[in-house]
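As structure tokens, the structure follows; a few thoughts come after it.
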2 protein chains.
Amino acid sequence: MVLDAAAYRFCRQGYAATTMRDIASDAGMLAGSLYYHFKSKTALFLAVHEEGVRRIAEAVDHAVLTANQHDPWQCLENGLSAHLQSLLDGGDYAQVVIRDLPAEEASLRDQLIELRDDYELRFRKLVDALPLNNPDDAGWIRLMLLGAANWSKTWFRPNGASPAEIAAHFVRLLRNGETVGTKS
Amino acid sequence: MVLDAAAYRFCRQGYAATTMRDIASDAGMLAGSLYYHFKSKTALFLAVHEEGVRRIAEAVDHAVLTANQHDPWQCLENGLSAHLQSLLDGGDYAQVVIRDLPAEEASLRDQLIELRDDYELRFRKLVDALPLNNPDDAGWIRLMLLGAANWSKTWFRPNGASPAEIAAHFVRLLRNGETVGTKS
DNA sequence: ATATTAACCTAACAAATGTTTGTTTAATGG
DNA sequence: CCATTAAACAAACATTTGTTAGGTTAATAT
């Protein structure tokens with residue numbers, strides 16, 4: 001399928017380094033034929049990006065819903081685990097969302113950033129639900145977790161720790177220092 | 001200067017989207033003239049990258065040396081602060097190191113990754129010097145801090161928290177949970 | 001004064017780029 | 001069986017790309 005081929009290439013080469021002929025070749029057709037499905041290269045990239053955000057969001061929402069609702073830290077860990085899983089072995093679509101945004105057209109850039117912000121709103125909620133010693137730390141915890149998670153694609157190796165394990169470690173390190181004094 | 005112009009463009013547009021004519025124009029000359037100074041586009045990029053690593057490494061080394069040598073956490077925070085400062089308001093060179101690596105030529109990629117690994121060795125040492133409850137956490141702490149730091153260029157705003165403040169928050173959140181029980 | 005060299009220009013090169021146009025094929029519905 | 005439409009092709013288009021080759025200028029050293 002065309003979108004799959006585009007995701008494959010955009011994921012590995014980035015936007016600028018990917019040519020319409022690359023994508024067409026992978027999809028088993030010629031470059032011109034792509035314009036029957038998408039009206040431009042940027043439109044094709046936007047479609048891949050949207051599908052990527054949709055998939056990650058779906059995975060995270062599902063993971064959070066089925067989490068232990070009585071432990072906000074566990075909810076957060078489940079969400080982060082789903083985020084990492086989508087990113088690290090969730091196929092090409094998810095990684096395109098994290099890769100470099102094409103800086104050329106400002107309007108496209110703004111659209112992509114808006115998509116990403118909408119998505120990250122989920123983690124804002126998850127972190128705000130935590131019982132923190134200092135509620136002002138919520139923002140820092142969110143930035144730390146998402147940053148560390150998104151950067152993990154640079155050092156992740158399939159034979160190392162699994163996405164779920166990584167999420168557990170990250171959340172645990174922050175939880176130890178922020179657990180409120182309710183030893184029940 | 002040619003290298004400055006290259007850093008400027010590579011930083012903002014990435015490798016593939018930057019043309020030799022872009023760089024030449026900013027440097028006040030024509031595209032062909034660049035080949036007097038550098039033998040190819042990749043050589044030019046490599047030079048920018050090397051200079052970027054050199055600058056960050058220098059900043060971090062200096063910050064760690066002048067830190068309070070009796071507090072490993074403070075040393076780490078100073079190092080991270082210098083790292084963030086280089087990245088966020090340290091000019092274009094530093095950011096090129098963090099931006100996307102050109103995936104095209106594998107040999108170039110490997111060279112760049114090696115440069116980055118050499119640099120990150122400093123933080124491996126800084127984290128290994130920490131008095132941790134569980135020494136196995138050293139690796140996770142390093143990955144978390146560097147990941148969160150490198151990702152900060154996507155959300156950093158000059159009118160918000162300063163690089164030094166960001167570093168302090170990040171280190172504090174981890175320190176609270178990992179302080180060994182020596183209350184002296 | 002002459003030779004040398006650094007630094008840049010001019011002009012072109014072949015290849016690659018996103019995109020358009022007109023045409024063909026294959027499937028589908030009446 | 002025929003009309004319609006989806007989906008692809010073939011071939012070109014105008015630019016843009018990295019790169020090369022040879023010429024020009026100004027400074028420097030001998």
Side-chain angles (χ1 to χ4, degrees), chain A residues 1-52 92-93 96-97 99-112, chain B residues 1-52 92-93 96-97 99-112:
Chain A
M1 200 230 202
V2 171
L3 210 62
D4 289 337
Y8 178 86
R9 289 289 189 166
F10 284 143
C11 171
R12 276 146 238 263
Q13 311 178 355
Y15 177 77
T18 296
T19 77
M20 295 299 270
R21 287 170 175 82
D22 286 339
I23 298 170
S25 166
D26 290 355
M29 49 178 133
L30 282 145
S33 310
L34 293 176
Y35 288 81
Y36 174 79
H37 303 274
F38 298 92
K39 79 172 209 295
S40 70
K41 188 187 178 184
T42 65
L44 181 47
F45 183 81
L46 187 63
V48 170
H49 194 100
E50 277 171 340
E51 175 64 15
D92 305 320
Y93 287 92
V96 172
V97 180
R99 262 199 80 111
D100 61 322
L101 309 180
E104 315 161 58
E105 290 139 294
S107 77
L108 172 62
R109 235 190 103 85
D110 292 347
Q111 267 184 285
L112 300 179
Chain B
M1 198 229 201
V2 171
L3 209 62
D4 289 337
Y8 179 85
R9 289 289 188 165
F10 284 144
C11 170
R12 278 148 235 263
Q13 310 178 357
Y15 178 77
T18 296
T19 78
M20 295 298 271
R21 285 169 176 83
D22 285 340
I23 298 170
S25 166
D26 289 356
M29 47 177 131
L30 280 147
S33 310
L34 294 176
Y35 288 81
Y36 174 78
H37 303 274
F38 299 91
K39 78 172 210 293
S40 69
K41 186 186 179 185
T42 65
L44 181 47
F45 183 82
L46 186 64
V48 170
H49 194 100
E50 277 171 339
E51 175 65 13
D92 304 321
Y93 287 92
V96 172
V97 181
R99 262 200 78 112
D100 61 322
L101 310 180
E104 315 161 56
E105 291 140 291
S107 79
L108 173 62
R109 236 190 102 87
D110 292 347
Q111 267 184 285
L112 300 178

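We name chains A, B, ... by the order of the sequence lines, and we start the count at 1 in each one.
- Closest of all the heavy-atom pairs between L30(B) and A24(B) is C-CB, 3.5 Å.
- The two residues A7(B) and D92(B) come nearest to each other via the heavy atoms O-CB, 3.6 Å.
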Would you check, one step at a time, whether the test side chain to side chain contact (heavy atoms under 4.5 Å, CB included) holds for V48(A) with V97(A)? CA-CA 8 Å; V48(A) 170; V97(A) 180; over 6 Å; no
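- Residue pairs meeting the side-chain hydrogen bond (donor to acceptor under 3.5 Å, both in side chains) criterion with at least one member in residues 27-41 of chain B, sequence neighbours excluded, are S40(B)-T42(B).
- Where K41(A) and G32(B) meet DNA chain C, the nucleotide closest to each residue was compared, and G32(B) sits on the side nearer the 5' end.
- When the side-chain contact (heavy atoms from CB on, under 4.5 Å) test is applied to D26(A), the partners found at least two apart in sequence or on another chain are A5(A), Y8(A), R9(A).
- Take Y93(A) and apply the ring pair (Phe, Tyr, Trp, His ring centres under 6.0 Å) test, not counting sequence neighbours, and it matches no residue.
- Within residues 18-29 of chain B, the residues that have a heavy atom under 4.0 Å from DNA chain D are, in order of number, T18(B), T19(B), M20(B), R21(B).
- The two atoms that bring R21(A) and A31(A) nearest to each other are CG-CB, 3.7 Å, heavy atoms only.
- Taken to the nearest 0.5 Å, the CD atom of Q13(A) stands 8.5 Å off from the CZ atom of R99(A).
- Put simply, chain B comes within 4.0 Å of DNA chain C, heavy atom to any atom, from dA6(C) to dA12(C), going 5' to 3'.
- Not counting sequence neighbours, the partners of E50(A) by the side-chain contact (heavy atoms from CB on, under 4.5 Å) test are L46(A), L115(A).
- Less than 4.0 Å separates DNA chain C from no heavy atom of any residue of residues 1-8 of chain A.
- In this entry the distance linking CG of L30(B) with P of dG18(D) reads 14 Å, nearest Å.
- F38(A) is linked by a ring pair (Phe, Tyr, Trp, His ring centres under 6.0 Å) to nothing, counting only residues two or more places apart in sequence or in another chain.
- Of the residues in residues 33-40 of chain B, those lying under 4.0 Å from DNA chain C by heavy-atom distance are S33(B), Y36(B), H37(B).
- Residues passing the ring pair (Phe, Tyr, Trp, His ring centres under 6.0 Å) test with F45(A), sequence neighbours excluded: F10(A), Y15(A).
- Within the 4.5 Å cutoff, the side chain of V2(A) has heavy atoms near those of the M29(A) side chain.
- Considering only residues two or more places apart in sequence or on other chains, T19(A) meets the side-chain hydrogen bond (donor to acceptor under 3.5 Å, both in side chains) condition with D22(A).
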